[in-house]
Amino acid sequence: MPKAANYWLIKSEPDVFSFDDLLNSPGQCTLWDGVRNYQARNYMRDGMKCGDKVLFYHSNCQPPAVVGIAEVVREAYPDPSQFDPESKYFDAKASPEKPRWLAVDVKALSKLKRPVSLAALKQEPELAGLKLLQRGNRLSVMPLEHKDFVKIVAMAEQSP
DNA sequence: GCCAACGTTGGC
DNA sequence: GCCAACGTTGGC
């Protein structure tokens, strides 16, 4: 009996990499790199499994919102950008023998019919436990409860 | 652009 | 191991 899928929320600045960029990537798939926070890394390492569903959130934009659904298609492996001196994610303290940072591959499943804004999330009492809404949460990868995933997807289907 | 809330770094 | 300084995130 396979374990039920987990659910996650990942953040991206749309100016850097948007959900549309993911849709336009080969196979609607990309390597999710550049995570440089240990807690987020540990979620990727210990939690993210192939087939897990991921909400794609646009941060640092107007309005910040959940915009799409993706899926984990490759589990954690060393993030190649940490070894690349040309990359802004280069980490001199990492080596291929002792990698510090991990990446996963994610694939777009569908774009939400309409974005679910941060403001809308905050207004929904059922979502009070959402990690995204908790104080000072700046993690770029965070776990999501199944019920919250379902709720947010349902909100995208409703008329405004 | 401001600022709150963190996380990381490095001196001691 | 403490903690001040500094850097980053991200909403507003």
Side-chain angles (χ1 to χ4, degrees), chain A residues 6-25 30-48 52-72 75-106 108-109 111-145 147-149 151-156 158 160:
Chain A
N6 294 317
Y7 296 85
W8 308 92
L9 183 145
I10 60 177
K11 290 181 190 173
S12 185
E13 301 189 21
D15 290 347
V16 178
F17 192 85
S18 69
F19 192 73
D20 285 336
D21 292 332
L22 182 58
L23 286 172
N24 291 327
S25 300
T30 196
L31 120 120
W32 199 254
D33 63 357
V35 174
R36 292 295 180 270
N37 172 285
Y38 287 106
Q39 209 179 335
R41 181 203 68 181
N42 293 347
Y43 283 136
M44 292 167 72
R45 181 189 64 195
D46 303 331
M48 280 188 152
D52 285 0
K53 301 291 190 292
V54 178
L55 289 182
F56 196 106
Y57 176 84
H58 281 172
S59 67
N60 239 320
C61 59
Q62 204 45 248
V66 177
V67 294
I69 305 174
E71 177 181 33
V72 178
E75 294 172 13
Y77 60 98
D79 177 348
S81 68
Q82 69 193 305
F83 311 128
D84 175 8
E86 303 295 308
S87 169
K88 71 175 211 172
Y89 299 121
F90 177 67
D91 184 343
K93 293 179 181 169
S95 65
E97 295 73 32
K98 291 190 86 174
R100 281 184 141 189
W101 306 112
L102 300 172
V104 297
D105 287 357
V106 295
L109 289 182
K111 189 170 176 171
L112 295 183
K113 189 182 285 179
R114 62 184 190 93
V116 180
S117 70
L118 180 61
L121 296 173
K122 284 180 176 172
Q123 278 172 20
E124 186 51 65
E126 285 178 48
L127 297 176
L130 203 63
K131 267 199 163 27
L132 181 70
L133 302 181
Q134 280 158 25
R135 197 170 82 134
N137 203 322
R138 300 177 308 158
L139 286 182
S140 56
V141 175
M142 65 183 81
L144 190 66
E145 288 183 40
K147 72 172 180 64
D148 292 342
F149 176 85
K151 177 66 186 173
I152 293 168
V153 172
M155 287 168 75
Q158 291 162 10

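Reminder, nothing fancy here: chain letters follow the sequence lines and each chain counts from 1.
Closest contact between the side chain of A:R135 and the listed nucleotides B:dC6, C:dC12, C:dG10 involves B:dC6. Comparing B:dT9, C:dG11, B:dC6 against the side chain of A:K93 picks out B:dT9 as the nearest.
Here the side chains of A:L130 and A:L144 are in contact, with some heavy-atom distance below 4.5 Å. Contact check for A:M142 versus A:L132: side-chain heavy atoms found under the 4.5 Å cut-off.
The aromatic rings of A:F149 and A:Y7 sit tilted, their planes meeting at an angle between 30° and 60°. In this pair, A:W32 and A:F17 present their aromatic rings perpendicular. The plane angle is above 60°, beyond the 30 to 60° band. Between A:W101 and A:Y38, the ring planes lie tilted relative to each other; the angle falls in the 30° to 60° range.
Across the interface with DNA chain B, nearest-nucleotide mapping of A:N60 and A:R100 shows A:N60 to be the residue nearer the 5′ end.
Residue A:K11 places none of its side-chain N or O atoms closer than 4.0 Å to OP1 or OP2 of C:dT9. A close approach under 4.0 Å does not occur between any side-chain nitrogen or oxygen of A:Y89 and OP1 or OP2 of C:dT8. Residue A:K122 has a polar side-chain atom (N or O) positioned under 4.0 Å from OP1 or OP2 of C:dC12.
Spacing between atom CD of A:Q62 and atom C1' of C:dG11 amounts to 9 Å, rounded to whole angstrom units. For A:K88 and C:dT8, the NZ to C1' distance is 11 Å, given to the nearest whole Å. Taking atom NZ on A:K131 and atom P on C:dG10, their separation rounds to 16 Å, with Å as the unit. Between the NE2 atom of A:H58 and the C1' atom of C:dC12 there is a distance of 19 Å, given to the nearest Å. Spacing between atom CE of A:M142 and atom C1' of B:dG7 amounts to 15 Å, rounded to whole angstrom units. Taking atom OH of A:Y57 as the reference point, atom P of C:dT9 lies 15 Å away to the nearest angstrom. At whole-Å resolution of the value, CG in A:N137 and P in B:dA5 are 13 Å apart. One atom, CG of A:L139, and another, P of B:dA5, lie 16 Å apart when rounded to the nearest Å.
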